[in-house]
Undergrad: 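To start, I am sharing the structure in question, which I have written as structure tokens.
Bear in mind the structure is a predicted one, so any value in this text is a computation, not a measurement. Sequence lines set the chain letters: A, B, ... in the order given, protein chains first and strands last, and positions in each chain run from 1.
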2 protein chains.
Amino acid sequence: MKYHNTDFYALPGGFVRLNEDLNTAVRIGLKERTGLDNIFLEQFYTFGNVSRFKPEIMKQIMEVNGGVNENVWILERFISVAYYALINYDDVELTPDAISESCDWYDLDNLPELIFDHKEIISKALATLRANLETKLMGVNLLPPMFTMKDLQKVYEAILDEKLHRGAFQRKILSMNLLKRHEKQFSGAAHKAPFLYSFER
Amino acid sequence: MKYHNTDFYALPGGFVRLNEDLNTAVRIGLKERTGLDNIFLEQFYTFGNVSRFKPEIMKQIMEVNGGVNENVWILERFISVAYYALINYDDVELTPDAISESCDWYDLDNLPELIFDHKEIISKALATLRANLETKLMGVNLLPPMFTMKDLQKVYEAILDEKLHRGAFQRKILSMNLLKRHEKQFSGAAHKAPFLYSFER
DNA sequence: ATTTATTGTCTCACTTTGTGACAATATTAA
DNA sequence: TTAATATTGTCACAAAGTGAGACAATAAAT
């Protein structure tokens with residue numbers, strides 16, 4: 001997200017209310033930004049260094065948004081519990097919050113400069129996601145209800161940032177017995193039609 | 001730890017000061033309880049449900065320890081960032097904090113009943129440790145500087161709670177090239193003396 | 001000198017993984 | 001109608017990894 005009238009970019013985030021579950025706060029924040037419910041979310045790290053906080057930046061942001069009078073607490077040091085979500089790009093309607101002028105997708109290799117330690121947060125998210133990819137589920141939420149093996153392979157290749165061997169990938173995924181195979185679609189392309197799969201079980 | 005004049009058992013923990021790094025706070029707490037510095041520590045989850053907090057219990061504990069007047073904040077809901085450490089049992093001098101009457105080791109299969117969600121915290125710690133055992137390091141801090149392959153295998157078997165095949169274990173560990181082999185010790189036992197290893201590299 | 005327990009290593013079978021090959025097939029081109 | 005093209009599902013084979021037992025080596029006790 002980009003804050004109003006600044007050059008500050010940041011990951012979307014929020015605060016946990018005194019009487020609110022941490023996970024609930026995260027889901028509410030996600031819903032506000034994306035409109036999505038029931039999304040796969042994983043907490044991966046809690047960032048708690050004092051040095052990660054820069055009150056000057058926070059002050060600048062708040063001043064553009066009407067001053068800091070009522071919200072003195074926002075100028076104090078805070079600790080951030082970070083989550084990543086797996087979201088289907090196309091399902092999302094991105095909505096900035098009150099103090100931001102935009103909320104957008106950015107390619108990993110084309111990120112704007114981010115405030116605080118948000119770049120590091122992204123690195124850690126990606127590392128955790130890659131490490132979990134083998135054990136945990138797969139393209140849930142990232143794919144439509146029905147998808148081809150190639151679609152799924154592309155998800156894996158995007159996350160791992162490497163090419164996978166087609167035959168081995170198919171063999172491995174099918175051996176997990178997590179996918180249900182459906183009727184073929186006639187895709188309209190000039191080749192054999194692929195099976196469709198879903199995550200049902 | 002067991003709190004003074006109660007039947008409440010809890011994991012050791014502490015609070016993060018306003019101007020203190022999260023990781024520093026954890027290391028200080030660990031040092032206070034164990035006397036140990038420079039220990040392998042891994043953050044594994046942040047517990048933030050409102051329901052995990054039971055003010056009645058906290059009140060009881062504080063009343064036995066001189067009332068709650070000055071420490072009203074301790075009766076409010078809090079969020080816990082959980083870490084596990086790998087520690088050599090023998091290096092430790094356990095020291096309870098001011099409000100506890102004991103700080104002790106308990107076998108996993110002989111735990112006292114714990115307050116709040118501390119049982120769940122242990123489960124999650126163990127699950128994370130087991131999952132990381134393959135990828136991450138191994139018995140650092142859990143073993144003396146020099147140890148035998150059998151010592152190391154026992155650490156793995158304790159953590160995983162299963163027997164491992166001796167030959168396969170040795171082959172796998174050695175193939176990691178993380179151990180330095182030293183001179184044999186003459187152990188005094190009635191059999192071939194084992195090599196000694198260290199984690200140096 | 002013999003026995004006993006444990007170690008270091010090897011071999012064999014079995015499983016998993018990487019790689020290319022093949023036929024099948026939906027569409028386009030000839 | 002036939003041939004060409006691209007991609008799919010599957011298999012075969014080699015390479016690598018894993019589980020299990022076997023065997024000689026050896027430190028101490030008998």
Side-chain angles (χ1 to χ4, degrees), chain A residues 130-139 142-201, chain B residues 130-139 142-201:
Chain A
R130 283 178 180 156
N132 287 354
L133 206 54
E134 289 174 38
T135 40
K136 294 264 173 75
L137 49 103
M138 344 201 293
L142 291 170
L143 292 167
M146 300 279 242
F147 51 88
T148 66
M149 192 57 73
K150 177 153 219 166
D151 293 334
L152 184 59
Q153 186 174 341
K154 277 186 190 164
V155 169
Y156 271 75
E157 289 179 342
I159 292 174
L160 297 174
D161 195 25
E162 63 178 303
K163 284 274 164 212
L164 302 176
H165 185 275
R166 193 173 58 88
F169 180 78
Q170 169 133 331
R171 181 176 53 197
K172 175 146 194 162
I173 296 292
L174 289 182
S175 76
M176 292 178 174
N177 284 329
L178 293 172
L179 296 186
K180 185 171 169 194
R181 177 179 278 187
H182 299 268
E183 293 298 308
K184 292 194 179 193
Q185 71 176 342
F186 295 81
S187 59
H191 56 77
K192 184 174 176 179
F195 285 112
L196 287 179
Y197 297 90
S198 71
F199 283 108
E200 311 163 51
R201 168 124 187 79
Chain B
R130 283 178 180 157
N132 287 353
L133 206 54
E134 289 174 37
T135 41
K136 295 259 174 77
L137 49 102
M138 344 201 293
L142 291 169
L143 291 167
M146 298 281 242
F147 51 88
T148 66
M149 193 55 73
K150 177 154 219 166
D151 294 333
L152 184 60
Q153 186 175 341
K154 277 185 189 163
V155 169
Y156 272 75
E157 289 179 341
I159 293 174
L160 297 174
D161 193 27
E162 63 179 307
K163 284 274 163 212
L164 301 177
H165 186 277
R166 190 174 59 89
F169 180 78
Q170 169 132 329
R171 181 176 52 197
K172 176 147 192 159
I173 296 293
L174 290 182
S175 76
M176 292 178 173
N177 284 327
L178 292 172
L179 295 187
K180 187 172 167 190
R181 178 179 278 187
H182 299 269
E183 292 301 307
K184 291 194 178 192
Q185 70 177 342
F186 295 82
S187 59
H191 55 77
K192 183 174 178 181
F195 285 112
L196 288 178
Y197 297 90
S198 70
F199 284 109
E200 310 164 50
R201 170 120 187 80

Undergrad: May I ask you to evaluate whether B/Lys150 reaches the phosphate of C/dT7, defined as a side-chain N or O under 4.0 Å from OP1 or OP2?
TA: yes
Undergrad: When the ring planes of A/Phe147 and A/Phe199 are compared, do they come out parallel, tilted or perpendicular, using 30° and 60° as the limits?
TA: tilted
Undergrad: CD of B/Gln153 versus C1' of C/dT6: gap in Å, rounded?
TA: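 To the nearest whole Å, that distance equals 12 Å.
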Undergrad: So, taking the atom named CD in A/Gln170 and the one named NE2 in A/His165, what distance separates them when rounded to the nearest 0.5 Å?
TA: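 So the gap between those two atoms works out to 11.5 Å.
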Undergrad: Measuring from A/Leu142:CG to A/Asp151:CG, what's the distance to the nearest 0.5 Å?
TA: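 Reported value, rounded in 0.5 Å steps: 11.5 Å.
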Undergrad: Got a second to check how far A/Arg130's CZ is from A/Leu160's CG, nearest 0.5 Å?
TA: 6.5 Å
Undergrad: Given atom CG of A/Leu164 and atom C1' of D/dT8, what is their separation to the nearest angstrom?
TA: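 Computing the A/Leu164:CG to D/dT8:C1' distance gives 17 Å.
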Undergrad: Taking N and O atoms by type only, does the side chain of B/Arg166 place a donor or acceptor under 3.5 Å from a partner on the base of C/dG8?
TA: yes
Undergrad: When you measure only distances, ignoring hydrogens and angles, does the side chain of B/Arg181 come within 3.5 Å of the base of C/dG8 through a donor and an acceptor?
TA: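 Side chain to base: no pair below 3.5 Å.
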Undergrad: Using whole Å, what does the distance between atom P of nucleotide C/dT7 and atom CZ of B/Arg171 come to?
TA: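 After rounding, the reported distance stands at 17 Å.
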Undergrad: Is there a side-chain contact between A/Gln170 and the phosphate of D/dT10, meaning an N or O under 4.0 Å from OP1 or OP2?
TA: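 Result: yes.
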Undergrad: Nearest 0.5 Å please: distance from the CG atom of A/Leu196 over to the CE atom of A/Met149.
TA: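 Nearest 0.5 Å value for the CG-CE distance: 11.0 Å.
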Undergrad: What distance do A/Ile173 atom CD1 and A/Gln153 atom CD have between them, rounded to the nearest 0.5 Å?
TA: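 One finds 9.0 Å between CD1 of A/Ile173 and CD of A/Gln153.
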Undergrad: Quickly work out the A/His182 NE2 to D/dT8 C1' distance and round it to whole Å.
TA: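 In whole Å, D/dT8 C1' and A/His182 NE2 are 18 Å from each other.
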Undergrad: Checking contacts here: which listed nucleotide (C/dG8, D/dT10, D/dT18) is nearest the side-chain heavy atoms of B/Met149?
TA: C/dG8
Undergrad: What are the residues of residues 190-197 of chain B, sorted by number, that bring a heavy atom to within less than 4.0 Å of DNA chain C?
TA: B/Ala190, B/His191, B/Lys192, B/Pro194, B/Phe195
Undergrad: Starting from C1' on C/dG18, measure out to CD on A/Glu162 and report it in whole angstrom.
TA: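 My rounded result for the distance is 13 Å.
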Undergrad: Looking at D/dT18, I'd like to know if its phosphate oxygens (OP1 or OP2) sit under 4.0 Å from a side-chain N or O belonging to B/Lys172.
TA: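 Answer yes for this pair, as a side-chain N or O of B/Lys172 is under 4.0 Å from OP1 or OP2.
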Undergrad: Measure the shortest side-chain to side-chain distance between A/Tyr197 and A/Leu152 over non-hydrogen atoms and say whether it is less than 4.5 angstrom.
TA: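 Of all side-chain heavy-atom pairs linking A/Leu152 with A/Tyr197, none is under 4.5 Å.
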Undergrad: Rounded to whole angstroms, how far apart are NZ on A/Lys163 and P on C/dT19?
TA: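 Taking NZ of A/Lys163 and P of C/dT19, I get 14 Å after rounding.
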Undergrad: Provide, to the nearest angstrom, the distance between the CG atom belonging to A/Asp151 and the C1' atom belonging to D/dT7.
TA: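 Interatomic distance, CG of A/Asp151 to C1' of D/dT7: 13 Å.
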Undergrad: Round to the nearest Å and state the distance from A/Ile173 atom CD1 to D/dT10 atom P.
TA: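 From A/Ile173 CD1 to D/dT10 P: 14 Å.
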